[in-house]
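Reviewing the structure listed below.
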Amino acid sequence: MPAFQPVRGTHDLLPDEQRKHLHVIDTARQVARGYGYAEMSTPIFEFTEVFARSMGETSDVVSKEMYSFVDKGGENLTLRPEYTAGICRAFISNGLAQQAPFKVFAHGPMFRFERPQKGRQRQFHQIDVEVIGAPEPEADIEVVTLAADILERLGLLDKCVLEINSLGDLDSRLAYRRALVEYLEGHRAHLSEDSLKRLERNPLRILDSKDAGDREVIAGAPPMEAFYTAAARDFFAAVRAGLDASGVAYQLSPRLVRGLDYYTHTAFEFVTTHLGAQGTLIGGGRYDGLIEMLGGQPTAGIGWAGGIERLAMLAANLPPPVRPVALIPIGPAAEARALDLARALRREGLVIELGFRGNVGRRMKRANRLNAIAAVILGDDELAKGVVALRELDSGSQSELPIERLAEKLRTLA
RNA sequence: GCGGGCGUAGCUCAGUUGGUUAGAGCGCCAGAUUGUGAUUCUGGAUGUCGCCGGUUCAAAUCCGGUCGCUCGCCCCA
């Protein structure tokens, strides 16, 4: 029988990899807490409509990348491809409008049926931050600053660039879209095949194209900012002023657009050149129309998501794994005593590893492999004297000490 | 969905114009050391050469298909 492999685009998070993920999550959680964001989770699947309505039926994610299925009750469900829609759904279903501005941090697995690539898997993981019920530019500033602080703590801020843009409010956006389509229609002959398709579904994305021919056409396109309403222009100016005041460096990217339909006003990405083609570490923006699209009262919102795999690949400052203390009993009497001793030491907060089998040599070898800081050897001789032999594995020095002083001594080593 | 590269031991990889029993390093196991790791020395085990088919006297090697990985397009975190 052939051995099973993990499903394409999925990966096991073995302890080493899991440790990196936890480092990213813990760092983000701590920084978010400092900003007053509480942690929450939503279910991994939702009614398909939650995503279809919010992200837009024509977006690539909804139209061809969702893991959708009909459950045994006949419900149309989808494994979440992103976090924002689910959190907004939760905001509505739990009647959280009273708590606005509702500020949360979340993390978890996401699912998209895409061709796997470096930094792109079918099951991947995100950290996520949302602020719902805050129409003020201060929310944009806070959310972006929070992202920058997380990146800094991970040692990544100097490896990426913050690009920001404003898509304007709904009126600005519709007016600009009309003007852009009109301009692009006049240059059809010079557009790439991909962009011709985008012209129908999501013309703004053409601004983002990497194709050389497209870029020439785009260079002559009307600028988005010319279509901002006065309110949209003021809003964006306030956001930029706030980032300046916070000392967060950014680059204006007039052609930055995002792939999901719900974005308005501020759009931003922290982009790195260290990861190949999938260079967005954190991306997000404002989604003032989204809650309403999902059936709630008109409510402003802004947030972002960061790819944990991508962040983990680059993150520095990874704390080293905890070094255990190996407890090595010799003989039946000592083994019985060791069970009790191990529990007592763990209650003291120490990390105790009991090898389950083998002679002293084998257990010492295992202790070494686990990078144990010390081995505590407990045999009949020691038992009779009420002591243990303590061997510090880095130096190799060994000494005897009374068993009741062991916890205290081990704490000084760790 | 489209294009390029790659699949040999647990890991990283070598393997000549197709030619006998497929190799190295690391790791693993055992012994030197039956109450002491790491270091040193000695010995040992481990392969459906991704899979299926074809060419050939002969295939890890050439050809086709397939699955997987990987890089890019696309998309996005």
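Sequence lines set the chain letters: A, B, ... in the order given, protein chains first and strands last, and positions in each chain run from 1.
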Using a heavy-atom cut-off of under 4.0 Å over every strand shown, decide if [X] touches base, sugar-phosphate, or nothing.
{"X": "Ile328(A)", "value": "nothing"}
{"X": "Ile282(A)", "value": "sugar-phosphate"}
{"X": "Glu65(A)", "value": "sugar-phosphate"}
{"X": "Asp381(A)", "value": "base"}
{"X": "Ala367(A)", "value": "nothing"}
{"X": "Gly284(A)", "value": "nothing"}

Using a strict 4.0 Å threshold on nitrogen-to-oxygen distance, state whether [X] and [Y] make a salt bridge.
{"X": "Arg286(A)", "Y": "Glu130(A)", "value": "no"}
{"X": "Glu114(A)", "Y": "Arg122(A)", "value": "no"}
{"X": "Lys385(A)", "Y": "Glu400(A)", "value": "yes"}
{"X": "Glu348(A)", "Y": "Arg411(A)", "value": "yes"}
{"X": "Asp60(A)", "Y": "Arg205(A)", "value": "no"}
{"X": "Glu142(A)", "Y": "Lys103(A)", "value": "yes"}

Residue met sooner reading RNA chain B from 5', once Leu378(A) and Gly279(A) are mapped to nucleotides: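 Whichever sits nearer the 5' end wins; that is Leu378(A).
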Residue whose closest nucleotide on RNA chain B lies nearer the 5' end, Ala305(A) versus Met364(A):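 Looking at the nearest nucleotide for each, Met364(A) comes out on the 5' side.
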Pick the [atom1] atom in [N] and in [M], then give their distance to the nearest Å.
{"N": "G68(B)", "M": "C52(B)", "atom1": "C1'", "value": "15 Å"}
{"N": "G5(B)", "M": "U66(B)", "atom1": "P", "value": "16 Å"}
{"N": "G47(B)", "M": "G53(B)", "atom1": "C1'", "value": "22 Å"}
{"N": "C75(B)", "M": "G7(B)", "atom1": "C1'", "value": "27 Å"}
{"N": "G15(B)", "M": "G50(B)", "atom1": "P", "value": "15 Å"}
{"N": "C62(B)", "M": "A24(B)", "atom1": "C1'", "value": "26 Å"}
{"N": "A22(B)", "M": "A60(B)", "atom1": "P", "value": "10 Å"}
{"N": "U39(B)", "M": "G35(B)", "atom1": "P", "value": "22 Å"}

Mate of [N] where both pairing distances stay under 3.5 Å, Watson-Crick or G-U:
{"N": "G3(B)", "result": "C71(B)"}
{"N": "U40(B)", "result": "A32(B)"}
{"N": "A59(B)", "result": "none"}
{"N": "A14(B)", "result": "none"}

Option from Lys118(A), Arg120(A), Glu309(A) for which side chain to side chain contact (heavy atoms under 4.5 Å, CB included) with Gln278(A) holds: Arg120(A)
Given Val31(A), Asp128(A), Ile127(A), the one that forms side chain to side chain contact (heavy atoms under 4.5 Å, CB included) with Phe105(A): Ile127(A)
Between [atom2] on [N] and [atom1] on [X], what's the gap in Å once rounded to a whole number?
{"X": "Met66(A)", "N": "C76(B)", "atom1": "CE", "atom2": "P", "result": "14 Å"}
{"X": "Leu154(A)", "N": "A77(B)", "atom1": "CG", "atom2": "P", "result": "18 Å"}
{"X": "Ile206(A)", "N": "C74(B)", "atom1": "CD1", "atom2": "P", "result": "13 Å"}
{"X": "Leu199(A)", "N": "C74(B)", "atom1": "CG", "atom2": "C1'", "result": "17 Å"}
{"X": "Arg112(A)", "N": "C76(B)", "atom1": "CZ", "atom2": "C1'", "result": "5 Å"}
{"X": "Tyr263(A)", "N": "C76(B)", "atom1": "OH", "atom2": "P", "result": "10 Å"}
{"X": "Glu114(A)", "N": "G1(B)", "atom1": "CD", "atom2": "P", "result": "13 Å"}
{"X": "Glu335(A)", "N": "G35(B)", "atom1": "CD", "atom2": "P", "result": "14 Å"}

Side chain of [X] (C-beta onward), nearest among [options]:
{"X": "Glu382(A)", "options": "C76(B), G35(B), C75(B)", "result": "G35(B)"}
{"X": "Arg362(A)", "options": "C29(B), A77(B), G35(B)", "result": "C29(B)"}
{"X": "Ala389(A)", "options": "A38(B), C75(B), U36(B)", "result": "U36(B)"}
{"X": "Ile377(A)", "options": "C76(B), A38(B), U36(B)", "result": "U36(B)"}

Lys/Arg cation over aromatic Phe236(A): Arg240(A), 6.0 Å, 45° cone: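 Yes, Arg240(A) and Phe236(A) form such a contact.
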Ring centres under 6.0 angstrom apart (Phe227(A), Tyr176(A)):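 Here the rings of Tyr176(A) and Phe227(A) have centres that are less than 6.0 Å from each other.
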Sub-6.0 Å ring centroid separation between His125(A) and His107(A): no
Phosphate contact (C28(B) OP1 or OP2) by Arg369(A) side-chain N/O below 4.0 Å: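 Result: yes.
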C74(B) base / Arg198(A) side chain donor-acceptor hit below 3.5 Å: no
Side-chain donor/acceptor contact of Glu392(A) with base of G37(B) under 3.5 Å: no
Polar atoms only, N or O, under 3.5 Å: list the protein pairs with nucleotides 69-73 of chain B and their distances.
unit_1 : atom_1 : unit_2    : atom_2 : d
C69(B) : OP2    : Arg8(A)   : NH1    : 2.7
C71(B) : OP2    : Lys118(A) : N      : 2.6
G72(B) : OP1    : Ala277(A) : N      : 2.9
G72(B) : OP2    : Gln117(A) : NE2    : 3.3
C73(B) : OP1    : Lys210(A) : NZ     : 3.1
C73(B) : N4     : Arg120(A) : NH2    : 3.3

Close N/O contacts between protein and nucleotides 44-46 of chain B (under 3.5 Å):
none

Heavy-atom donor-acceptor pair, Ser195(A) side chain to Leu191(A) backbone, under 3.5 Å: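 No, Ser195(A) side chain to Leu191(A) backbone: no donor-acceptor pair under 3.5 Å.
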Donor-acceptor side-chain pairing of Ser209(A) and Asp214(A) below 3.5 angstrom: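 There is such a pair between these side chains.
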